[in-house]
Amino acid sequence: MKVFKFGGASLKDSKGVRNVASIIASQTRHDLLVVVSAMGKTTDRLERILSLASSNQDYQVVLDELKEYHHNIVDDLFQKPISVLREVDIHFNDLENELLTHAASDQLYDQVVCKGELISSIILHHYLLSKSISSFWFDSRNGICTDKNFREGRVDWTKTAVSINPLRSILEEKIIITQGFIGKTPDGFTTTLGREGSDFSAAIFASCLNAESVVIWKDVPGVMNADPKRIPTATVFRELPFKEAAEMTYYGASVIHPKTIKPLANKGIPLYVKNFTDPSLPGTKIHECTVENLPPLIVFKENQCLISCKVTDYTFVSEQQLTNIFHALSELDIRLNMMQNSAISFSFCIDFRENKLLKLIEKLQQHFEVFYNTGLTLITIKNYDEASFETYRKQKGVLLEQSSRSTLQVLVK
Ligand code: ASP
Ligand code: MG
């Protein structure tokens, strides 16, 4: 069997749903599990509603717009939309109840934002049925079991494998439509797997069902060696080793969610990244392979913050002081994207998240004089050549740079 994943961009309007259905229909009538994201920018909208609600502001307008957006898609897709609209509205009503009865928390966040995926999967499922494609709608919360770490649920693989196993017999006759991004705690609350986590959901289903392959359908022609919006000469990789793809995601390439590669690589399941507007394009195959002479791979990670900790008393930075820094980072669950030490200071770069940053600075100020810069971009060039090495090092506004034999990183203003 195969697993397909369609993201929000592919399902952003009725034309998108029709296109997704035609891609599905062109493949097979069974042995396919399809993971979908919320339509278009729905998750951002739901986050907006939550943030308005938590600051006691009126969210009704945004909520009504979101409802209308989905209603219009349904009206456009179905001759008799009533029953589908009713199903969609059950989730909107649940959402309103959640907002009215619970105070803001990470737990509430997950109960609210999950609605986007539930609704999009319902619409696609009914659309397939209306085209006489035997589709089975599966609530992925009954498959993916997580802990109670709301907003970033950690998967219980053993339980998940047991819960997903019964889908095998359904797949013998039907196509399964399910949601990305969501799971469930042992006591029945919805969890999410982190923003953009639908790719990871696809990998979880594929791993538990021993899929022959996974295809992530995107608006780009495949995995490219740079963001084509920044670098128009970017080219598509025909194939990539798992390891290379995993490292790309680590450095911030957003084409695949970082957690996606590991479960697939562990089981040797190839991952294809293909274009949903032109499925005839070859796309990229990510699998166990060696590729000679990969071109330089350039990743831009924006919204970075550089922190410098200076010792105040003319001593040198000691290992004990470094321990203090790492301890603070680990306590706040902050990941380092780059670091460098000198005689009297230690500098590092992290993703900018205001509330965490303030807490971190407070902790660091107990030991150091702390300076920081925000609004920076970390550029990573993997497999650099002479030309790219020179270009990126010599650009204006470099605050920090570092290179190994294969990778150059520069932090720029
Ligand atoms: N809808 C979720 C998000 O936008 C999950 C996903 O798209 O992968 O983050
Ligand atoms: Mg998405």
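Both counts, for ligands and for their atoms, begin at 1 and track the order of listing. In this chain, residues are counted from 1 in sequence order.
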S.K.: Find all atoms of ligand 1 within a distance of less than 4.0 Å from any non-hydrogen atom belonging to Arg195, and give their numbers and elements.
M.R.: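 Counting from 1, the qualifying ligand atoms are 3 (C), 4 (O), 9 (O).
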S.K.: With no hydrogens and no angle check, is any side-chain donor or acceptor of Asn373 less than 3.5 Å from a backbone partner on Leu306?
M.R.: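 Judged by distance alone, no pair lies under 3.5 Å.
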S.K.: Just let me know how Ser37 lines up against ligand 1, side chain, backbone, both or neither, with a heavy-atom cut-off below 4.0 Å.
M.R.: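 For Ser37, the contact with ligand 1 is made by the side chain alone.
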S.K.: For Glu152, enumerate each residue passing the salt bridge (Lys or Arg N to Asp or Glu O under 4.0 Å) test, keeping only those at least two apart in sequence or located in another chain.
M.R.: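 So Glu152 forms a salt bridge (Lys or Arg N to Asp or Glu O under 4.0 Å) with Lys259.
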S.K.: Which atoms from ligand 1 have a heavy atom of Phe181 less than 4.0 Å away?
M.R.: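 So the atoms of ligand 1 that pass are 2 (C), 5 (C).
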S.K.: Verify the ring-centre separation between Phe136 and His125: is it less than 6.0 angstrom?
M.R.: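 They do not qualify: ring centres at least 6.0 Å apart.
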S.K.: Can you list the atoms of ligand 1 that are under 4.0 Å from a heavy atom of Ser198?
M.R.: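 Taking each heavy atom of Ser198 in turn, ligand 1 has 5 (C), 6 (C), 7 (O), 8 (O) under 4.0 Å.
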S.K.: Report yes if some N/O of Lys5 lies less than 3.5 Å from some N/O of ligand 1; otherwise report no.
M.R.: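 N/O-N/O distance below 3.5 Å does not exist for this pair.
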S.K.: Could you check whether any heavy atom of Gly116 sits closer than 4.0 Å to an atom of ligand 1, since that is the contact criterion I want to use?
M.R.: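 It does not, in that no heavy atom of Gly116 comes within the 4.0 Å cut-off of ligand 1.
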S.K.: Indicate the ring-plane relationship of Phe138 and Phe205, choosing parallel, tilted or perpendicular according to the 30° and 60° boundaries.
M.R.: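 Perpendicular, since the angle between the ring planes exceeds 60°.
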S.K.: With a cut-off of 6.0 Å (strictly less than), are more than 12 heavy atoms of other residues, nucleotides or ligands near CD of Gln57?
M.R.: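 Yes.
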S.K.: Please verify whether a non-hydrogen atom of His257 lies at under 4.0 Å from ligand 1.
M.R.: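 No, His257 has no heavy atom closer than 4.0 Å to ligand 1.
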S.K.: Hey, which atoms in ligand 1 end up nearer than 4.0 Å to a heavy atom of Glu117?
M.R.: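 Result: 1 (N), 2 (C), 5 (C).
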S.K.: Got a sec, which residues hit ring pair (Phe, Tyr, Trp, His ring centres under 6.0 Å) with Tyr384, two or more places apart in sequence or on another chain?
M.R.: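 Applying ring pair (Phe, Tyr, Trp, His ring centres under 6.0 Å) to Tyr384 gives Phe389.
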